[in-house]
Every structure is written in structure tokens, then in C-alpha cells.
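One structure is given below, encoded as C-alpha cells.
Bear in mind the structure is a predicted one, so any value in this text is a computation, not a measurement. Labels below follow one simple rule: chain letters A, B, ... track the order of the sequence lines, proteins then strands, and each chain is numbered from 1.
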Protein chains: 2
Amino acid sequence: MADFLADTQVEPEPDRPGRFRAALSPEWAVWGPNGGYLAAIALRAGMAASRLSRPASFHCHFLASGAFAPVEVQVASLGGGKRAESLRIDVVQGDRMLLAATLWMVGDDLRGFEHDFGRRPDVPAPAALRSYRDLVGDEYAEWYPIWRSMDGRPVRFREPPGEPRCHTWLRFTDTPVADRAADALRQLFWLDFPGWNATIAAHPWPFRFIAPNLDLTAHFHAFAPDADWTLTEGHVPLARDGLVSCVSRCWTEDGRLLATGTTKHLCRPNPNYAADVERARAMGMVVDEE
Amino acid sequence: MADFLADTQVEPEPDRPGRFRAALSPEWAVWGPNGGYLAAIALRAGMAASRLSRPASFHCHFLASGAFAPVEVQVASLGGGKRAESLRIDVVQGDRMLLAATLWMVGDDLRGFEHDFGRRPDVPAPAALRSYRDLVGDEYAEWYPIWRSMDGRPVRFREPPGEPRCHTWLRFTDTPVADRAADALRQLFWLDFPGWNATIAAHPWPFRFIAPNLDLTAHFHAFAPDADWTLTEGHVPLARDGLVSCVSRCWTEDGRLLATGTTKHLCRPNPNYAADVERARAMGMVVDEE
């Protein structure tokens, strides 16, 4: 049970402007360090290095998964204007680049068009839903380590294949979120999740493929550090030719649209497919192998 | 009347791997070189430099608008794997960086999840709609130069403020599109447009703000070089605190979802607002100045 903010800390290196040190914690493991977790470390260094205080948008490529070990974060300002700053952020481990990111930071005193059509989808509140932990029982202990420090309540769970869309409430179990910068890290982390769940909503288990994220884009709209649960939505209208593309969004429980993101995924054969098929057959399922 | 592909050509520099020369043409002017046009030059250099042939996703920051003059494009491979390559692309003019981009290229032999829920919105076909040229009459001659080389047919035009969503058919007037790479450049260019039209769909003219693009993300799904018209959709659910965020999509006339994109915009006071108000009043409109 880990604190996401403690585990995404970045330490500026004395006498090396724009350089930060961080360490990848195994508490945020999936098959390796979770991508959204690594992205949050990059965002945190970018926010720390910027002369402006409000994150507007973030984008990154996931280049390599890396080890649970120290990383160096290198931040450079690319320009912009008085009211916006563009930053480039690289996360490096030894001589391997793990992540390449860019970030727009903006000022707090901006005025512009104002409208809000970002209504929250009409789904049950988290209090009316069951957590993954309760839904899957003993199996939960086998889920990736990351699931010890976060909690999820899906609106649909293991239903027959349908539309490639998912809605899941997510929260940290042990991470107090105190301010806007911390909330931005949390939002970025949540935006990285829905791509997989939205994809598999249209396909029967066992899945022939896995679909690791190639990239992650986040547009930050508003901040709600006080909020506990976040509703994440993913929508993957099209999967073809080995690629999957998701648009994801985050809302507060009281209906505020917080962020919009995209993720692009590259499919690979599921290395556990044969074992999954066997397990499914043992459960009495009829599996149509291709 | 210009050819978009002729005007986005990139010339590799002999003996300097990853360096290309291009020139920004005034045929693609808005208040300066159009952002999507500049992005297409970056994408073209990235595709030319990659060891792989299929563009998967592209992202860029618009840093400065630049002059109609030569630019240098610098491409570096950041890594990836056998089936995907990450590239970083900078567009530089003199000592100014105009654009910073990243690109994922992938192989052609990928397999993965297959589904298609990317249905085209049910809007009238281009043949049933009128072009901007016909809708605005003499005023069209005053539109930015870019409108001499492209044609647009909006589904709604200057209607009362409503939902922040737009649908517009777009085509080049003088650009034959022969192959997948050319179509990727066209898709990227179209994805940059809808942010503004979707935003103003929710606001009465005259507009107090302009909203230049800070960034552009594109996910390429499919290619249709043979298609003439492209349906572009923009959706801007939320505008607040000086920022606007759009999700845009492109479809062919026969209903194929081609690409999904996002654009983030920074609002600025409209420098022509006073003149626009005067013009509106001369037309008999009641304008509520703030």
C-alpha cells in the first residue's frame, strides 16, 4: 500500500538546471513499471522546472519499460510566450531512454471562451458499485502489484462483448491529494488506464492479444484535489491492423469534466493465451480458437 | 491554387542524415503559415527518415508561427522495437524553433484486435451542401489565402449558438493524393481545423477571442488516398480559464473512420473585435459588449 505522490518524487540535481533524479518503485508494477506512473514522474519534473504553474497538456511516447531503479529526468524549455511555456522532458535510465514527453504549461490569469457541455455519463455512483477486489475474490491477490495501492469499481464487469466503451471509478487507497499539481499527476495516471478496458469490452475472454500503450496525451481542463473517486471513460471505436486508439476522459463524482486524453496501443500476441484457454475450458466455457 | 503535396516537399540534405530542407509557402497562409501545414512538413520528414512505412500517431507543439521562407527539419530516431519506431522531429527557421513533434511509425504486418464501431455521423453528403464560397459570396475573397486551395462545405453555418460541435466536409482543389503517405499528410492537416469551428458553434458572433492551437495530436487508423471529400468533426465539450480542448475525427464519404485527433487552444483577445462589433451593428445586429 503505497503513496503515489511519495513514489513520483523528483529531486532537482544541484548545479545541473533541468536535471532531476527519481526512482521507479515496484509498488507501481504491472509487467514492469506502469506507463502512467512513469509519465507522472516526467510531468512532475516538467511542472517543477517550468516558470508557469498550470499544466495545460502533456504528451509522451513509451519507449522502453525500464527497471525498478533510479532514473534521470532531463527537462528543457522549448519556448512559448509570456502566457505559455513548452517543455521537453526525457526520462532516462542508464543509457536507455524510457520516455520522451512534451508539456504545455500556462499562466493562471487567462481569459477566453467559457462553456460547459462536458456532462458526466449517467452511470451509477461508486457507492452503488462493487470493487474489483470483491468482484473477483481470491483472484485479486494475483493482480499486478499496482492494485494494492488503488481501487477500482467498474460499471460493467465481464459482460458479453458489446460496444468498445468502459466506465470505471478509480481512487488511490493511500495517497492524499493536496493540491493542483498532485491532482494533475493523478489525472494523467488515470487517463492511461481505459484503453485496455474499452478495447476488451468488444471481445470475448480469453484475449488473443495484449495491447501495450505506445503513447499518452492528456488535456487538463480543471482540477479537483479534494475529490476521492474519479470516473474514467474509455472509447475505442476502431481496432484494426494491429493498432488500437482510445479517447479517455475523467470526471469527478459531482460531475466536473477534469481531463481528456488519448492512448495509442500496439497489439501483440498474448503470451498466456494457451494457459487462458485451458483455464476457460476448465471453467466450462466453449472457446473458439482461431 | 496550390498543390499541398508540392508545397510540403522535404529535401534530404546530402551527408547530413536526418536533416531535411523545406520552404513555407504563402499559399498556405492564415495569419501566418497554417499550423497543420507546418505539421505536415514535419510528418513528411519523419516518414521519410523512418525505417518503417506506416504512420501510427503524431504529436506536435506549435512554438512560433515563422515566416514564408526556408526551414530546416531535424529528425532523430528515439527507439522502439522491431515493429515500431519513435521519431522526434524539430522544425527550425534560423535560430527559432517553430515546431517540436514526435511520431510513431509501425510495420505493415501487425495483427491484433479487430472491431469497427466508428460509424460516420449521419450528416448530409457534400453534394447536398453548399460550399463556403457560395455561402459567403463576395466576402470569400477576403478569407485567408489557404481558402484558394481548399474547399469546405459546413453542415451548419452561422446558426444560433448551440452545442460546441461541428461537421465540415473538406477537400483540396488542386492536390491529387496518390498514396498512403500523402493521405496521412492530408488527414493531419484536416485534423487541425475543427477546434475553432466547434468552439464558436457555442458562441454568438462577433467573437471576443481568437484561439490559436498550442498542439495537435493525430492517431491514424486507415488511409483512403482515393477519397476526394473528408468529413471532419470537432467536439469541444469544455472551454474555460482561457483554454479550449477539441477532439476531432475524419471520415470518408463512404463511412470509413480515418483518424482521430486532439487540439488544445489558448484564447487571446480578438484584435479585430471592435471592428467586428461595428460591422455587426451596421448589419442591424444587437451586440452585447461585455
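- By the ring pair (Phe, Tyr, Trp, His ring centres under 6.0 Å) test, B:His115 is found to be paired with A:His203, B:Phe117, residues two or more places apart in sequence or in another chain being considered.
- Residue B:Arg165: no heavy atom, backbone or side chain, is found under 4.5 Å from chain A.
- Contact count versus chain B (heavy atoms, under 4.5 Å) is highest, among A:Leu78, A:Asp241, A:Leu63, A:Val247, for A:Asp241.
- None of B:Asp116, B:Leu258, B:Thr260 except one satisfies the side chain to side chain contact (heavy atoms under 4.5 Å, CB included) rule with A:Leu238; the exception is B:Asp116.
- Counting heavy-atom pairs closer than 4.5 Å to chain A, the top residue among B:Ile210, B:Val244, B:Thr199 is B:Thr199.
- Looking at B:Leu214, both its backbone and its side chain come within 4.5 Å of chain A, counting heavy atoms on both sides.
- With a 6.0 Å radius and a threshold of 12 heavy atoms from other residues, nucleotides or ligands, A:Arg268 has its CZ atom at or below the threshold.
- Within the 4.5 Å cutoff, side-chain heavy atoms of B:Pro237 are placed close to those of A:Arg249.
- Only the side chain of B:Thr217 comes within contact range of chain A, with heavy atoms under 4.5 Å apart.
- Distance check: B:Leu216 CG to A:Ser57 OG gives 11.0 Å after rounding to the nearest 0.5 Å.
- Judged as a ring pair (Phe, Tyr, Trp, His ring centres under 6.0 Å), and not counting sequence neighbours, B:Phe220 has no contacts.
- Ranked by non-hydrogen atom pairs under 4.5 Å with chain B, the options A:Ala202, A:Ser245, A:Gly81 are led by A:Ser245.
- When heavy atoms are compared at a cutoff of 4.5 Å, B:His235 approaches chain A solely by way of its side chain, counted from C-beta outward.
- In terms of heavy atoms, A:Cys267 sits closest to B:Arg111 at CB-O, 3.6 Å.
- Nearest heavy-atom pair across B:Arg54 and A:Leu243 is NH1-CD1, 3.6 Å.
- Identified by a heavy-atom distance below 4.5 Å to chain B, the contributing residues of residues 99-109 of chain A are A:Ala100, A:Thr102, A:Leu103, A:Trp104, A:Val106, in residue-number order.
- With respect to chain A, the highest number of heavy-atom pairs below 4.5 Å among B:Glu163, B:Glu114, B:His219 belongs to B:His219.
- Nearest heavy-atom pair across A:Phe113 and B:Trp196 is CE1-CZ3, 3.8 Å.
- When each of B:Pro269, B:Ala211, B:Ala56, B:Gly80 is checked for heavy-atom pairs under 4.5 Å with chain A, B:Ala56 comes out on top.
- Within the 4.5 angstrom heavy-atom criterion, no atom of B:Arg96 approaches chain A.
- Heavy-atom pairs under 4.5 Å with chain A were tallied for B:Thr262, B:Leu110, B:Val236, B:Asp90; the largest tally goes to B:Leu110.
- For B:His59, the ring pair (Phe, Tyr, Trp, His ring centres under 6.0 Å) partners two or more places apart in sequence, or in a different chain, are A:His59, B:His61.
- Among A:Arg88, A:His221, A:Met97, the residue with the largest count of heavy-atom pairs under 4.5 Å with chain B is A:Arg88.
- Looking only at heavy-atom pairs under 4.5 Å with chain A, the residue among B:Arg119, B:Arg83, B:Arg240, B:Lys264 that has the most is B:Lys264.
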